[in-house]
Number of protein chains: 2
Amino acid sequence: MSLPPDVDRPVETVERAIDIIDYLKENGPATIAEVTAHLGCAKSTAHRHLKTLEASSFLIEENDEYRLGIRFLDYGVIARDRHTFYREVKSKVDTLADETDEKIWCAVEEHGRSVHIYGAQGKRSVRTYARLGHQNYLHQHAAGKAILAYLPDERIDEIVETYGLPARTQHTITTADELWDEIEAIRERGYALNIEESVEGLHAIGAPIKDENGTALGAISISGPANRLDGSFLREELPTLLLGTVNEITINLAHA
Amino acid sequence: MSLPPDVDRPVETVERAIDIIDYLKENGPATIAEVTAHLGCAKSTAHRHLKTLEASSFLIEENDEYRLGIRFLDYGVIARDRHTFYREVKSKVDTLADETDEKIWCAVEEHGRSVHIYGAQGKRSVRTYARLGHQNYLHQHAAGKAILAYLPDERIDEIVETYGLPARTQHTITTADELWDEIEAIRERGYALNIEESVEGLHAIGAPIKDENGTALGAISISGPANRLDGSFLREELPTLLLGTVNEITINLAHA
DNA sequence: CAGCTTGTTCGAATAGCTTGAACAGGCTTT
DNA sequence: AAAGCCTGTTCAAGCTATTCGAACAAGCTG
């Protein structure tokens, strides 16, 4: 919960190791020379770090290049499976995908951002930038906004202050005033809409899964092309379907 | 490739951080006190490490406990998506699951072990210990044995020497002689069988996906209950189906 | 065969990690 | 209400272990 901490005296050696991992994540496989240049340190230092990370299979050496190991999947899957409602949500999300034939995402909040922990595609579902495990800004998409609206007000302020409101498309919410109006609307409706705010031509609706205090634990969204998800389908039929599913999940969670 | 290296002078501070991550992976969420006890170090040291890892969202603090962040999924999914044949394999595996109604796994080899990078379930597919991202011994299951048989002989020796041949069931191969006989058989047939070697009551067949040199890059397996996967279905129909799929993938890879 | 590049090893210096004690805050207990 | 006992957190000092840079080995290229 909360936000990533500002550590007074972080363990710099560990930060360097994380820096390497992040570099490989962003830029793909790299040689020692490349990593050395990125870190701005001695070649021998980079070498020692890479070999240490390789010993635990976090990194794999292939043709004189280091890359991220599939081992990360193991940790990610375990983290996901331990999430309170993942198992509960999975089957419902699969059902929703079958019923709507559209793309369904389930997201949870971590450190003031949203992470997609499960996705199911219907027959006609579109591919977007969204990816399993990817961190997103809460204000940029339907599931994120649904989560945001059901967090305590002071928490929302904190998050906006920390990350700002960067735009993705020309429809993305970029000012705090707009955001609070939107949150008001979401709280009244019970669900969030995303009208081309994350991807041009893409509409979506999202609804929160709440704990016993009414605070959002995560959210589920349905997304599809703007021309298909529109009018009463987007604003009446889909919300009914989605809120029904979310309601079932919430009840099951309360009795688990 | 190859095996995890024996590092001469590893970065011990990084090893400690990995130790924390592994502890949380094995034992679930833990308090600082618990981590301190596990590491056998000062409370302030554990604190500094935990906060450093939390700053990058690898760990998340919740109710005075630290747990693995869903962020690991991000790294894992990226590592998987970059794998040469993942995209190629995924759609074929989905098709196989539809055609057979059984559980299909796709595994790759890393550091002499196999990792499941994708799984698809058919309507009747069984649930086993197998999990996405989980590391397995190559000799214990169909996909692993298929990979093993198509590695260079000296590599096989290395792997057996490093990890030994631990048993899972009473049918698991546990001696080098048995293993070499099995490898011989697999090389002749072109596919591997798993007759209750990983789970009692579970049969499976696996076939390798090879690069231009004939070395295994990974493998695909079909598994199901022993009573259903048996006789000519297991030894004729399924192999034909599986080898056909694997062949398609191999050809597509060669022209990519 | 020389010259470049790569990855790897090793000793010395000093940066920074670890420690243990002390502080603050939230519980429960008396 | 106060005392006690947990937590998590901070800080200065000592010494461990990281970092550096140079030297070595090995593989390619011209």
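Throughout, protein chains are lettered first and strands after them, A, B, ... in sequence-line order, and every chain is numbered starting at 1. None of these values were measured; they are calculated from a predicted model.
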I'd like to know if A/R187 and A/E184 make a salt bridge, using a cut-off of under 4.0 Å between side-chain N and carboxylate O.
no
Are any of the side-chain nitrogens in B/R67 or B/E62 under 4.0 Å away from the carboxylate oxygens of its partner?
yes
Between C/dG7 (P) and A/D64 (CG): distance, integer Å
6 Å
Is it the case that B/Y118 and B/K90 place a side-chain donor and acceptor less than 3.5 Å from each other?
yes
A/H139 side-chain N/O to A/A167 backbone N/O, donor-acceptor pair under 3.5 Å:
no
Outermost DNA chain D nucleotides near chain A [under 4.0 Å, heavy atoms]
D/dT10 to D/dG21
Strictly under 6.0 Å, is that where the ring centroids of B/Y75 and B/F58 end up?
yes
Summary of protein contacts for nucleotides 12-22 of chain C, nucleotide by nucleotide, where a base hit scores B, a sugar-phosphate-only hit scores S (4.0 Å, heavy atoms)
----SBBBB--
Take the protein atom CD of A/E62 and the nucleotide atom C1' of C/dG7, then report the distance between them rounded to whole Å.
17 Å
Pairing donors with acceptors under 3.5 angstrom, does anything connect the side chains of A/S221 and A/H141?
no
Geometric class of the B/H83/B/F85 ring pair [parallel <30°, tilted 30-60°, perpendicular >60°]
perpendicular
So for atom CD, which belongs to B/E178, do other residues, nucleotides or ligands contribute more than 12 heavy atoms lying within a distance under 6.0 Å?
yes
